[in-house]
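See below for the structure under consideration.
Start at 1 and go down the list; that is how both ligands and their atoms are numbered. Along the sequence shown, residues are numbered consecutively beginning with 1.
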Amino acid sequence: MKVLVINCGSSSLKYQLIDSKTEEVLAKGLCERIGIDGSMITHQPAGGEKKTEEIPMPDHTEAVKLVIERLTDEKVGVIASLDEIGAVGHRIVHGGESFAGSVVIDENVLNAIKECSDLAPLHNPANLIGIDSCRKIMPNVPMVAVFDTAFHQTMPKKAYLYGLPYEYYEKYKVRRYGFHGTSHDFVSKRAAEILGKDRKDLRIIVCHMGNGASVSAVKYGESVDTSMGLTPLEGLIMGTRSGDLDPAIIGFLAEKENLTASEVIDICNKKSGIYGMTGISSDFRDLLKAIQEGNEQAKVVRDAYAYRVGKYIGAYTAAMGGVDVIVFTAGIGENNSMIRGCIGEYMEFLGTKIDEEKNKVAGEEAIISTDDSKVTVMVVPTNEELAIARETVRLTE
Ligand code: ADP
């Protein structure tokens, strides 16, 4: 079956067409600036050239139309007609407490996703628009929702409750949900597979370090804790997000800078993290470059980043009563040996040793700990689109 995977944002739409038999990406692309002047579509067939064109896309339905046109185009297309698309998998950010797994989309599911919009006002409405647009153009194709939060629904209450008046949980469902669940699930499963073991026998810590970043504790196959919370703002220092903060800072800064609470939170989401701390960039490659050029502040930020990840590894080791495997994934985790080395220092107390030579790996599966290391440390590239395609096939075939 050919599965179209859709990741829809408020003004963007990422897509991949995946052959579920071979798990090959047949084509992928991105629509940007939807509903804004200067809309662009970038399309790339497997083995072909990546091409970006400026084409007006007043709404997401128009974007989906263009995607289908590209996929079926005589020159850059990879399928003869729309009929070849067997199913569509949608990445949905927030499933609240309603979804502990992926589901086939129907009216009830749409309503439940709508109800979770309160918890993710920037993401869920955009995800719904993506579903709606695809349904308009492919009314008879089955569609599946795959939630970023679902994998973490196994967290026990002691891990997901905040120390707030309990009525806020009861009234508004204020609690830890966690995100990147598709990635934490995929990567922990794959790590066990590579080791030739059953995930049910392992305590795994997954460090997903991309633009957004989160750590999870996967105990005997289930997520028991994760660093992101009600929203993706909590936890690690990220590209532009602050991660953990004393909540009193929000009020303090609001008063000092004459801002509203939501304006301060906007700063915490978009102008903090590596970007805000360095004043250079949110991109880790720029941070590395600055370190090489002798920028002292960049070094401090790298150390703060590694320290925060190290603290979470310590915490989750305690939470699981030990750890067997620590896995690095996503853009930074897969590619940046320097930061893996820095984080490694915080694992030494566990009898964990990273092998400097093996740690040079970038973007591929590898064990990077020494043979005598008490904990196995690995690099496992994540693939959220493939995970979504697999879920879509599982539920529709
Ligand atoms: P997203 O959360 O947007 O999916 P990614 O997983 O692509 O993010 O990660 C983006 C981060 O990964 C950026 O900080 C980028 O600098 C870093 N990164 C990507 N490729 C490399 C590389 N080859 N070397 C070092 N860092 C990299």
Side-chain angles (χ1 to χ4, degrees), residues 5-16 25 28-32 42 44 50 91 93 120 122-123 126-127 146 148-149 178-187 190 206-216 226-228 231-243 269-293 295 298-299 301-302 304-306 308-309 327-343 359-366 368 379-388:
V5 175
I6 297 282
N7 182 354
C8 196
S10 56
S11 67
S12 70
L13 186 151
K14 283 190 211 153
Y15 63 94
Q16 281 195 7
V25 178
K28 61 181 175 181
L30 164 70
C31 302
E32 292 168 280
T42 303
Q44 185 177 25
K50 192 192 242 184
R91 176 197 179 212
V93 169
L122 296 179
H123 293 103
N127 298 158
V146 180
D148 260 25
T149 48
F179 298 86
H180 294 140
T182 313
S183 176
H184 288 290
D185 184 21
F186 177 89
V187 167
R190 183 68 198 134
V206 179
C207 307
H208 175 112
M209 308 187 314
N211 269 323
S214 64
V215 189
S216 70
T226 189
S227 58
M228 283 178 167
T231 77
L233 184 52
E234 194 180 348
L236 301 180
I237 294 172
M238 311 181 209
T240 63
R241 295 191 194 117
S242 62
N269 265 312
K270 297 185 186 146
K271 295 194 174 146
S272 302
I274 296 166
Y275 172 74
M277 291 173 84
T278 58
I280 301 172
S281 158
S282 64
D283 194 301
F284 224 85
R285 284 166 288 202
D286 298 331
L287 184 77
L288 288 189
K289 195 161 155 263
I291 292 171
Q292 278 153 9
E293 289 164 0
N295 183 323
K299 241 187 242 169
V301 174
R302 173 202 61 190
Y305 184 97
R308 183 79 58 91
V309 179
V327 196
F328 291 106
T329 193
I332 299 166
E334 290 165 25
N335 294 297
N336 193 322
S337 55
M338 182 206 268
I339 202 74
R340 290 194 301 250
C342 295
I343 297 166
N359 188 32
K360 287 181 181 157
V361 70
E364 50 186 285
E365 293 176 346
I368 59 167
V379 171
V380 177
T382 190
N383 192 339
E384 286 162 289
E385 290 79 12
L386 177 59
I388 293 172

Q | S183 and E384 side chains, donor-acceptor separation under 3.5 Å | A |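 Absent: no donor and acceptor within the cut-off.
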
Q) Given I339, T382, N335, which has its nearest heavy atom closest to atom 24 (N) of ligand 1? A)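 The option holding the nearest heavy atom is N335.
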
Q. Is the backbone N or O of G331 less than 3.5 Å from a side-chain atom of N335, with the two atoms forming a donor-acceptor pair by type?
A.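 Yes, N335 side chain to G331 backbone: donor-acceptor pair under 3.5 Å.
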
(Q) Check whether R190 reaches the backbone of P381 with its side chain - one donor and one acceptor, N or O, closer than 3.5 Å. (A)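 Flag not set: sc R190 to bb P381 has no pair under 3.5 Å.
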
Q: State the OG-CZ distance between S214 and R241, to the nearest 0.5 angstrom.
A: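 Those atoms lie 9.5 Å apart.
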
Can you pull out the closest protein heavy atom to [atom]? Residue, atom name and distance to 0.1 Å, please.
| atom | value |
| --- | --- |
| atom 16 (O) of ligand 1 | D283 OD1, 2.3 Å |
| atom 25 (C) of ligand 1 | R285 CG, 3.6 Å |
| atom 27 (C) of ligand 1 | G331 O, 3.7 Å |
| atom 8 (O) of ligand 1 | N211 N, 3.1 Å |
| atom 11 (C) of ligand 1 | I332 CG1, 3.7 Å |
| atom 14 (O) of ligand 1 | F284 N, 3.0 Å |

Q.
Is any side-chain heavy atom of C342 closer than 4.5 Å to one of R302?
A.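 When only atoms from C-beta onward are counted, C342 and R302 do touch, with a gap below 4.5 Å.
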
Q) Under 4.5 Å between any side-chain heavy atoms of V361 and S337, yes or no? A)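 A side-chain contact under 4.5 Å is absent here.
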
Q: Number the atoms of ligand 1 from 1 as they appear, then name those within less than 4.0 Å of a heavy atom of G212, with their elements.
A: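 Every atom of ligand 1 under 4.0 Å from some heavy atom of G212: 2 (O).
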
Q: Using side chain to side chain contact (heavy atoms under 4.5 Å, CB included) as the criterion, point out the one residue from M209, M338, R308 that pairs with I343.
A: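 Of the listed options, the one satisfying the test is M209.
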
Q: Please check atom 4 (O) of ligand 1 for a protein heavy-atom neighbour under 4.0 Å.
A: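 Protein heavy atom within 4.0 Å of atom 4 (O) of ligand 1: absent.
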
